[in-house]
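Single-structure report; data block below.
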Amino acid sequence: MTVALTIAGSDASGGAGIQADLKTFHRFHVFGQAVITLITVQNTRGVEQVYTLPPELVEAQIRAVIEDIPPGAAKTGALGSEEVAARIAKLAERFDFPLVVDPVMSAKNGARLGGGPFAPCFLLTPNLEEASAMAGFEVNDSDSMRRAARKLQSLGAANVLIKGGHLRGDAVDLLYADGEFHEFRAPRIPTRHTHGTGCALSAAITAELAKGTPLVEAVRRAKQFVTGAIRSNPGLGSGAGPLNFFA
Ligand code: PXL
């Protein structure tokens, strides 16, 4: 059985974080492992509290899990502190499976969920805001996305996927892989129910990589899943509701 690991925060409301990752792994027929970095108090209206776990506890969870059942691929989400980010970067030097880093900075209402500089990884998946913060310039169109992808690759990501979900017009994601650009385009779906889209996308890519799917095809399948999951969202909650993970 194919195994994938997520290292991320808990969203008790079930739409994002660890919960979204595990549901996505399951949907992709992959056995999910989950190391928790932080606990949020939140619902679809926003994050009220963030409680970060001690870095040594995060590290111990990762060590225990991977020495017994090595995953085919892993992803990180919200890390919560620079210390946790640094420990993961150190551990990742010895990972013999691809690591996807979703450099989560903050929840939609601004609650801080991020860690320090990202670990060197196989794939980095920032949104426009995260790409801007990491590249050091405004990323808001096709040209700046291309420049940022090159820059982030030079900082330690073998491949970079910049998510254009917050662009105007179509949702165009840009993948920079092996020196080539690939665009993944989907029509914008008018809905407020997009909570957890970034988590679901990186989890779906991780599941596909664990199965051995080549990166470009993994991203294509993941994007197709997320687009369908937004389109058929169940309309739960009075704020930004979750996706349909059965899509
Ligand atoms: O979608 C980013 C994210 C990641 N992880 C956790 C979250 C959120 C957004 O709310 O709560 C735990």
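One-based numbering, in listed order, for ligands and for the atoms of each. Counting from 1, the numbers follow the sequence of the chain as shown. This is a predicted model, so every value here is computed, not measured.
For atom 11 (O) of ligand 1, the closest non-hydrogen atom on the protein side is Q42 NE2, 2.5 Å. When hydrogens are left out, the protein atom nearest atom 5 (N) of ligand 1 is G17 CA, 3.6 Å; that is the closest non-hydrogen contact. The protein atom (non-hydrogen) at minimum distance from atom 8 (C) of ligand 1 is L113 CD1, 3.6 Å.
Counting heavy atoms under 4.0 Å from ligand 1, residue C199 touches it through the side chain alone. Contact annotation: for I18 versus ligand 1, there are no heavy atoms closer than 4.0 Å.
Annotation for I230 and H193: closest pair CG2-O, 4.2 Å, computed over non-hydrogen atoms.
Geometrically, ligand 1 and H195 share no nitrogen or oxygen pair separated by less than 3.5 Å.
If you check the side chains of D141 and S144, you find a donor sitting under 3.5 Å from an acceptor.
Atoms of ligand 1 found under 4.0 Å from any heavy atom of A107, numbered from 1 in the order shown, are 9 (C), 10 (O). Atoms of ligand 1 found under 4.0 Å from any heavy atom of G9, numbered from 1 in the order shown, are 12 (C).
Other residues, nucleotides and ligands contribute only 12 or fewer heavy atoms inside 6.0 Å of the CZ atom of F246. No more than 12 heavy atoms of other residues, nucleotides or ligands sit less than 6.0 Å from atom CZ of R63.
F245 is linked by a ring-ring contact (aromatic ring centres under 6.0 Å, His included) to nothing, counting only residues two or more places apart in sequence or in another chain.
The stretch residues 155-166 participates, sequence neighbours left out, in these salt bridge (Lys or Arg N to Asp or Glu O under 4.0 Å) pairs: D102-K163.
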